[in-house]
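This report refers to the structure that appears directly beneath it.
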Number of protein chains: 2
Amino acid sequence: MSDAQPPQPFVPKAAISRLSLYLRELQQLIRNGDERTSSTKLGALLGFTDAQVRKDLAHFGQFGTPGIGYRCADLIDAIRAILGTNRPWPVAVVGMGNLGRALVGYGGFAQQGFKITVGFDVDPRMVGSTIENIPVHHLDELAKITAAAGIKMAIMAVPAAAAQQVADRLVQAGIEGILNFAPVTISVPNAVSQVGVDVAIELEQLSYAIVTKLQNS
Amino acid sequence: MSDAQPPQPFVPKAAISRLSLYLRELQQLIRNGDERTSSTKLGALLGFTDAQVRKDLAHFGQFGTPGIGYRCADLIDAIRAILGTNRPWPVAVVGMGNLGRALVGYGGFAQQGFKITVGFDVDPRMVGSTIENIPVHHLDELAKITAAAGIKMAIMAVPAAAAQQVADRLVQAGIEGILNFAPVTISVPNAVSQVGVDVAIELEQLSYAIVTKLQNS
DNA sequence: TAGATTGTTAATCGATTAACAATC
DNA sequence: TAGATTGTTAATCGATTAACAATC
């Protein structure tokens, strides 16, 4: 209907990750009572150069004032609009084991616009129950319920052996983004976005860093 | 005492992350009964080029046979030796809330060499209890217990507001690697390694991907 | 032998940083 | 005005990919 959207050419993926970090830092600054900040200050808080901060933002428009810097509140609004978190996202959790239940009980991302509104499992003892006021349905109801609720994002907290099957069902149900906590690579169509979090891999990165540091000493 | 270690110049950080992915994929191949693989096959499984796989490995030595490829079991051993996970790592969890307890109950990374052996909290109702056979101590005992147990890695699952203080205490206690689940940037000395996992940020990346895809259509 | 695949060097590509005119 | 800081272009740096001789 409108062509107001800028053409938005190649935005490095790493730049989008940093946008999330800027957002988090800006929210912290606001909590500290800071109204304004600068690319130098924001970068220093995160270990980036000022040029990096400005370049990242420049992909999307102009948000500051030369000689002054950025209004924290305005930059927050701008970044949330870019990321698409200026409106609420209902989220489904699949797999109501320890991790699934912990995620449902965790309020931390409600503040960023994400609200877990439903859980799924295949265990008959879980199905029909309620966890922290969130209903748990059978996985067979996935498509019906996510469609009715307009849910486009799901968090997978299922065993590795089930992950690909569950991913297939999420795709089938029309889910467009998957956050996968299972320690396996899942294969989904290109049109579906995925992000993986594997705690073992993160620990391996720490292991490497520690071992390497020892070697160098 | 010995100079057997190769000089090991600049290894891109991204290459180390991919090493973990190769390892995970190789373990999957072994489970499928594959004895051998190639850079082309391994790359295809993860969406990388064959050149990328060979280049990453080349930073550390020669692990394959021209014309043949790689023996999965051998390459697994080699990568584990590089990452430092060819020996067990005892790990402490700080913060025994929903997430902390879920991590203790999760066996997934024991298989990769990481074993949670102790938990810490400040809540008197938790201190002295046992979760999945893991004792929970008061945070005041951190230094004493981690030193005695030779623990060098800790997982932080504490509220954002407490994160920096807890990080300071971990550093004080001689911890060398921190996996931080709190949604804030923590500042630690250069000699201490840290990795952050922020679920909200991962969801933001999905949000961006979904919203952007819609725009382009 | 012919076919496959490695390890490595050189070429390409992309991302970060430096520099600076414009602006407040 | 002088000082600060943006947005942006050009220069640098680093990482990925292509190509190929060596090898099984």
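Note that the coordinates shown come from a computational prediction; the quantities given were computed from them, not determined experimentally. These numbers come from the heavy atoms of this one structure, side chains and all, not from hydrogens, waters or symmetry mates. Order of the sequence lines fixes the chain letters, A, B, ..., with proteins taken first and strands second; residue numbering starts at 1 for each chain.
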Taking [atom1] from [X] and [atom2] from [N], how many angstroms apart are they, rounded to a whole number?
X	N	atom1	atom2	result
A/I68	C/dA22	CD1	P	19 Å
B/K55	D/dA18	NZ	C1'	12 Å
A/F63	D/dG7	CZ	P	8 Å
A/F60	D/dG7	CZ	C1'	15 Å
A/L42	D/dA4	CG	P	19 Å
B/R54	D/dC20	CZ	C1'	10 Å
A/D50	C/dT17	CG	P	10 Å
B/Q52	D/dG14	CD	P	17 Å

If we only count heavy atoms from C-beta on, is the A/V11 to B/T212 side-chain gap below 4.5 Å?
->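 A/V11 does not reach B/T212 side chain to side chain.
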Using OP1 and OP2 only, check whether a side-chain N or O of [X] sits under 4.0 Å from [N].
X	N	result
A/R71	D/dT6	no
A/Y70	D/dG7	yes
B/T49	D/dT17	yes
B/Q62	C/dT8	yes

Who pairs with D/dA22 - Watson-Crick or G-U, where each distance is under 3.5 Å =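 Answer to the pairing question: C/dT5, which forms a Watson-Crick or G-U pair with D/dA22.
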Identified pairing partner of C/dT12, criterion: Watson-Crick or G-U wobble below 3.5 Å |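 Paired with C/dT12, as far as the under-3.5 Å criterion goes, is D/dA15.
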Strictly by modelled atom types, are A/Q172 and A/D168 linked by a side-chain donor-acceptor pair under 3.5 Å?
->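 A/D168 and A/Q172 do not have a side-chain donor-acceptor pair below 3.5 Å.
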Considering heavy-atom distances to DNA chain C, does B/T37 or A/R18 have its closest nucleotide positioned more toward the 5' end?
->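 This one resolves to B/T37.
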Minimum-distance pair of heavy atoms, taken over all atoms of A/R80 and A/G113 |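 Distance-wise, the nearest heavy atoms are NH2-N, 4.2 Å.
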Give, for atom CG of A/L203 and atom CZ of B/F114, the distance between the pair rounded to the nearest 0.5 Å.
->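 Between A/L203 CG and B/F114 CZ, I get 5.0 Å after rounding to 0.5 Å.
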Considering every strand and a 4.0 Å limit on heavy-atom distances, what is the contact class for [X]: base, sugar-phosphate, or nothing?
X	answer
A/S39	sugar-phosphate
A/F48	nothing
A/R36	nothing

From C/dT16, D/dT16, D/dT6, nucleotide with atom closest to A/A14 side chain =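 Of the options given, the side chain of A/A14 lies nearest C/dT16.
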Closest to side chain of B/P66, choosing from D/dT16, C/dT23, D/dA22 =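 Nearest to the side chain of B/P66 among the choices is D/dA22.
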Does atom CZ of A/R36 have more than 12 heavy-atom neighbours from other groups under 6.0 Å away?
->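 Open: at most 12 neighbouring heavy atoms sit under 6.0 Å from CZ of A/R36.
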